Structure formats: C-alpha cells, structure tokens
Amino acid sequence: MKPHRQKIFPFFPVGDKNDAFAQYFIGQSYLAPISTTQVPVFNVTFEPGCRNNWHIHHAKNGGGQMLICVAGRGWYQEEGKEAQELHPGDVVNIPANVKHWHGAAKDCWFQHLAVEVPGEGGKTEWCEAVTDDAYCKLP
Ligand code: MN
C-alpha cells in the first residue's frame, strides 16, 4: 500500500466526526472521549492533510495541553518556531497561552491523545487557519 493509502489500526476508539470543532479544522478529524472525569482526555484522529487552526489554550494558572501521539505521523508547531514532526510515543507539552497548531502529515493519518491540563480560567481561543502554502512546505 502507498503511504497515503495507509489507514491506522486504532488502539483507542476513533469516535465520531468532529463536527463540533470542524470550523476550526482544515480537513476531516474525529473525536473520541477517553476520559471525561478527573483529567479529560480525548483521542483525536486526523485524516491525511488535516490540521487544526492556530489556537491558544489560555489559562491564568496551570492549564495548557499535552499531546500523546498514538499512531501515524503528524506535526506540531509553535508560533515563531520550526514545525516538529511527531511519531507514536512522542509527548508534546504545550504551555498555556502559547499559540500553536497540530495535525497530520499530508500523506499520512495521525492520532494523538489530547490531555486537558488542569488550570484556572481555561479557555481555548481559535485563530487563523494554517495556510496551504505553509503546510505544503512541510516534508
Ligand atoms: Mn492545542
């Protein structure tokens, strides 16, 4: 199979189409709740080429987000920094109040657990999309 035809074989559930957040994504993503008590954890699955818009997890104290990569190949980028390639087993610690995006590689599915780090006054601000121009330059 060619890489862009590869699908992932999920360990965690893939869940439903992520319609609630579709307006903040380019491409199709899926969302499955893994834990809804104590520390909320969601499994996010991105089709090849799918990524979320630039966004900020605001908090007054604590907060932020952890990504635990489960399957496929993806990207994480903080504003003003190079994009970082992600593989299963990688962990990304995203501080509160840092603008960033995450998503799949253009030729591969990607899946990460998203952990909501407990904090005070947590709120996500959604910003502009990652342009095709910037995204397609990634290897
Ligand atoms: Mn995020």
Side-chain angles (χ1 to χ4, degrees):
M1 254 182 203
K2 289 180 179 173
H4 71 279
R5 294 285 178 208
Q6 275 178 5
K7 289 211 174 187
I8 52 172
F9 297 93
F11 185 78
F12 294 102
V14 171
D16 300 321
K17 285 187 176 181
N18 189 6
D19 290 335
F21 292 90
Q23 60 186 310
Y24 307 121
F25 281 65
I26 287 179
Q28 185 64 60
S29 67
Y30 300 81
L31 193 65
I34 304 298
S35 163
T36 53
T37 61
Q38 295 184 311
V39 178
V41 179
F42 293 86
N43 189 24
V44 188
T45 302
F46 303 79
E47 285 190 357
C50 176
R51 69 273 188 185
N52 51 31
N53 288 4
W54 289 98
H55 61 281
I56 304 162
H57 305 292
H58 288 285
K60 291 192 182 84
N61 275 302
Q65 186 182 45
M66 282 176 62
L67 309 180
I68 300 171
C69 304
V70 174
R73 187 170 76 94
W75 292 102
Y76 168 72
Q77 186 174 20
E78 290 182 6
E79 191 175 40
K81 296 187 183 175
E82 293 287 307
Q84 178 187 334
E85 189 172 334
L86 299 178
H87 301 276
D90 289 345
V91 176
V92 182
N93 296 95
I94 308 171
N97 309 311
V98 169
K99 191 173 178 180
H100 67 278
W101 66 271
H102 28 113
K106 55 193 166 196
D107 61 351
C108 193
W109 289 69
F110 180 57
Q111 198 171 60
H112 68 56
L113 298 178
V115 181
E116 288 179 28
V117 180
E120 226 181 293
K123 185 184 185 306
T124 298
E125 177 190 357
W126 291 97
C127 308
E128 73 277 13
V130 179
T131 63
D132 280 341
D133 196 41
Y135 179 77
C136 290
K137 280 179 186 147
L138 298 172

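Both backbone and side-chain heavy atoms feed into the values below; hydrogens, waters and symmetry mates do not. Order of listing sets the numbers, starting from 1, for every ligand and every atom in it. On a predicted model such as this, the values are computed, not experimentally measured, just so you know.
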Any side-chain heavy atom of [X] within less than 4.5 Å of one from [Y]?
{"X": "Glu128", "Y": "Asn53", "value": "no"}
{"X": "Thr45", "Y": "Phe12", "value": "no"}
{"X": "Glu78", "Y": "Gln84", "value": "no"}

So what's near the Mn ion (ligand 1), protein N, O or S atoms under 2.8 Å?
His55 NE2, His57 NE2, Gln65 OE1, His100 NE2, His102 NE2
Which other residues belong to the hydrophobic cluster containing Leu138, where Ile, Leu, Val, Met, Phe, Trp and Tyr are joined when side-chain heavy atoms lie under 4.5 Å apart, directly or via other members?
Trp54, Trp75, Trp101, Val130, Tyr135
Let me know which of His55, Lys81, Glu79 forms a side chain to side chain donor-acceptor pair (under 3.5 Å) with His100.
His55
Using 30° and 60° as the class limits, which term best fits the ring planes of Phe46 and His102: parallel, tilted or perpendicular?
perpendicular
